[in-house]
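The structure appears below as structure tokens.
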Amino acid sequence: MEATAKILGKWYEGHKRDLPWRRTESAYEIWLSEIILQQTRVQQGIHYYERFLERFPDVHQLAKASTEEVLKLWQGLGYYTRARNLHATAREIVSRYDGRFPADYDKLLALKGVGEYTAAAVASIAFGIPVALVDGNVVRVLARLYGIRIPFTTPKGRKEIHTLADRILDKRNPGIHNQAIMELGALVCLPKNPSCRDCPLHPKCYAFKHERIKDFPVRGVREKSRKRYFHYLHFSCSGKVFIHQRNKKDIWNSLFEFPIIETSRAVKPEKITANKQWRHLLEGCRYRIIEVSPLYIHPLSHQTLYVRFYEVQAATAPSVLAQEYTCIDAKRIHEYPVSRLTEKYLMSLKKD
DNA sequence: AATGCGTGGTA
DNA sequence: TTACCAAGCAT
């Protein structure tokens, strides 16, 4: 075994956190945890993991559920494609693999929502298959340890990291090893102000020895986020509201929302009634604007949303709304999966 | 191969 | 306050 792997394994035994998915050997539970944890902090994921397991104790229960229920349980976690793929894969496991996850890296990789990282994680942790995984933690640890100069955001950089990860992998205990290196990244080798004095690898660490911690990992440039302006029409008449499900290749795909007008520039609230789409939605309707919400600024990782909700009432619904949107009891809006933003708006209404 | 997908924590 | 980034994936 590599000396590095030995040090990692020993450190892990003494410092690993007691996390719910570390108490199981079930491939289903490990897979579930990995999907939830994709680009998600452990602290945020734990709660969802427990609720999912409670509602869906095994892959058959998950497969039997409706996609909408899965989305509703996923609400607030972000990256909603994960929820749809989670559900699709559960059904695939039941129909094609008789409810048992295949102990095979390539077969795992072929599952929806399972990429190189997750396939390696499930293969090594659940089945003891000797494959190295690379996540954000591993990138950081190895880039510093070996002083990798190629940006990890490029294919070359990722390959370089992967080669190193493969080289130091403890093939006898790949699951433990993989978790150990991630745990080191999560607890010690932090993005900012890493605790190098507590790090068992610091005598070997290139970045530490050269006092160049801040120079690694090397990253490429990020594109700046674009601005978008959303105007939601919260139209209600006699206890009904109108919603629809987003279905474009865009944010919040498959979540529900009120009729929306998007503009490329900011629009003052008093000017919204002059908007073409607004007039189209409300054509032939005598309405009044009950309330204009404050401006919600909703920064995503790649775009910033400037959003306002207009609460509008009328005696009867305009035909466009009735035709193009789904009419539901206002009280039942909470049964639908919605974005965090819409959830916040709905919460603000409850308080009144 | 580059871009887009959410939300929340941290400094 | 902004920027970074977290057990990545799909197209």
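In what follows, chains carry the letters A, B, and so on, assigned in the order in which the sequence lines appear, proteins first and then strands, with residues in each chain numbered from 1. All values below were derived from every heavy atom in this structure, side-chain atoms included, with hydrogens, water molecules and symmetry-related copies excluded.
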request  = Could you list by number each residue of residues 129-143 of chain A showing a heavy-atom separation from DNA chain C of less than 4.0 Å, or answer none if no residue does?
outcome  =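 Going residue by residue through residues 129-143 of chain A, the ones with a heavy atom under 4.0 Å of DNA chain C turn out to be A:Asp135, A:Gly136, A:Asn137, A:Arg140.
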query = Among residues 34-47 of chain A, which residues get a heavy atom nearer than 4.0 Å to DNA chain C?
reply =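 Output list: A:Glu34, A:Leu37, A:Gln38, A:Gln39, A:Arg41.
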inquiry  = Going 5' to 3' along DNA chain B, between which two nucleotides do contacts with chain A fall, using a heavy-atom cut-off of 4.0 Å?
reply    =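 Endpoints of the contacted stretch of DNA chain B: B:dG4 to B:dA11.
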request  = Starting from the 5' end of DNA chain B, give me the residue, A:Lys249 or A:Asn193, whose nearest nucleotide shows up first.
outcome  =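 Mapping each residue to its closest nucleotide by heavy atoms, the 5'-most match is A:Lys249.
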Which pairs would a plain distance check flag for residues 116-131 of chain A, meaning a side-chain donor or acceptor within less than 3.5 Å of a matching protein atom at least two apart in sequence or in another chain?
from	atom 1	to	atom 2	distance (Å)
A:Tyr117	OH	A:Glu34	OE1	2.7
A:Thr118	OG1	A:Gln38	NE2	2.9
A:Ser124	OG	A:Ala120	O	2.8
A:Ser124	OG	A:Ala121	O	3.3
A:Ser124	OG	A:Asn178	ND2	3.0

Using whole Å, report how far [atom1] of [X] lies from [atom2] of [N].
X	N	atom1	atom2	answer
A:Trp31	C:dG8	CH2	P	17 Å
A:Leu109	C:dC9	CG	P	9 Å
A:Arg82	C:dA6	CZ	C1'	10 Å
A:Glu116	C:dA10	CD	P	11 Å
A:Leu77	C:dC9	CG	P	16 Å
A:Glu183	C:dA7	CD	P	9 Å

Taking all atoms of both residues into account, what is the closest heavy-atom pair of [X] and [Y], and its distance?
X	Y	value
A:Glu311	A:Leu349	OE1-CD2, 4.2 Å
A:Tyr28	A:Pro57	CE2-O, 3.6 Å
A:Pro269	A:Arg308	CG-NE, 3.5 Å

request  = Quick one: name the residues clustered hydrophobically with A:Leu190, using the 4.5 Å side-chain heavy-atom rule over I, L, V, M, F, W, Y, and just say none if it's on its own.
outcome  =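 Direct or chained contacts put A:Leu190 with none.
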request  = Any chance you could pull the hydrophobic cluster mates of A:Val292, using side-chain heavy atoms under 4.5 angstrom and chaining through other members?
outcome  =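 Members besides A:Val292, by chain and number: A:Leu233, A:Phe235, A:Phe242, A:Ile261, A:Val267, A:Ile272, A:Trp278, A:Leu281, A:Leu282, A:Tyr287, A:Ile289, A:Tyr310, A:Val312, A:Val320, A:Leu321, A:Tyr325.
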Table please: side-chain donor-acceptor pairs of residues 209-220 of chain A below 3.5 Å, with sequence neighbours left out.
from	atom 1	to	atom 2	distance (Å)
A:His210	ND1	A:Tyr206	O	2.8
A:Arg212	NE	A:Asp215	OD2	2.9

request  = Assess the side chains of A:Arg82 and A:Asn85: does a donor N or O sit below 3.5 Å from an acceptor N or O?
outcome  =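 A:Arg82 vs A:Asn85: no donor-acceptor pair found between side chains.
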ask   = Roughly how far, to the nearest 0.5 Å, is CD1 of A:Ile181 from CG of A:Asn137?
value =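 If I round to the nearest 0.5 Å, the distance is 9.0 Å.
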Charged N-O contact under 4.0 Å between [X] and [Y]:
X	Y	result
A:Arg340	A:Glu343	yes
A:Arg17	A:Glu183	yes
A:Asp98	A:Arg100	yes

Side chain to side chain contact (heavy atoms under 4.5 Å, CB included) involving A:Gln313 - partner list, sequence neighbours excluded =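 Result, side chain to side chain contact (heavy atoms under 4.5 Å, CB included) vs A:Gln313: A:Ser236, A:Ile290.
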key: By side chain to side chain contact (heavy atoms under 4.5 Å, CB included) - contacts of A:Ala330 (at least two apart)   =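 Only A:Val241 meet the side chain to side chain contact (heavy atoms under 4.5 Å, CB included) criterion with A:Ala330.
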message = If you take any heavy atom closer than 4.0 Å to DNA chain B, which residues from residues 2-23 of chain A end up in contact?
response =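 Per residue number, the list is empty: none.
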message = Please list, in numerical order, the residues of residues 153-170 of chain A that have a heavy atom closer than 4.0 Å to any atom of DNA chain B.
response =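 Output list: empty, so none.
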inquiry  = Rounding to an integer number of angstrom, what distance separates C:dA7 and B:dA11 when you compare their P atoms?
reply    =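 Each nucleotide's P atom is 14 Å from the other's.
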inquiry  = Give me the distance, rounded to whole Å, that separates C:dT1 from B:dG8 when you measure between the C1' atoms they each carry.
reply    =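 Here C:dT1 and B:dG8 have their C1' atoms 16 Å from each other.
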Using a heavy-atom cut-off of 4.0 Å across all strands, would you classify [X] as base, sugar-phosphate, or nothing?
X	value
A:Gln303	sugar-phosphate
A:Ser33	nothing
A:Gly185	nothing
A:Asn178	nothing
A:Leu300	base

task = Answer yes or no: does a side-chain N or O of A:Arg84 lie under 4.0 Å from OP1 or OP2 of C:dA10?
result =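 No, no such contact exists.
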task = Scan for salt bridge (Lys or Arg N to Asp or Glu O under 4.0 Å) pairs involving residues 246-259 of chain A, sequence neighbours excluded, and state none if there are none.
result =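 Only A:Arg228-A:Asp250, A:Arg246-A:Asp250, A:Arg246-A:Glu257 qualify under salt bridge (Lys or Arg N to Asp or Glu O under 4.0 Å).
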key: A:Lys72, A:His87, A:Arg84 screened by side chain to side chain donor-acceptor pair (under 3.5 Å) with A:Thr67, the one that passes   =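 Result for side chain to side chain donor-acceptor pair (under 3.5 Å) with A:Thr67: A:His87.
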task = Answer yes or no on whether A:Arg51 is positioned over the face of A:Tyr48, meaning its NZ or CZ is under 6.0 Å from the six-membered ring centre and within 45° of the axis.
result =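 The answer is yes, since A:Arg51 meets both limits relative to A:Tyr48.
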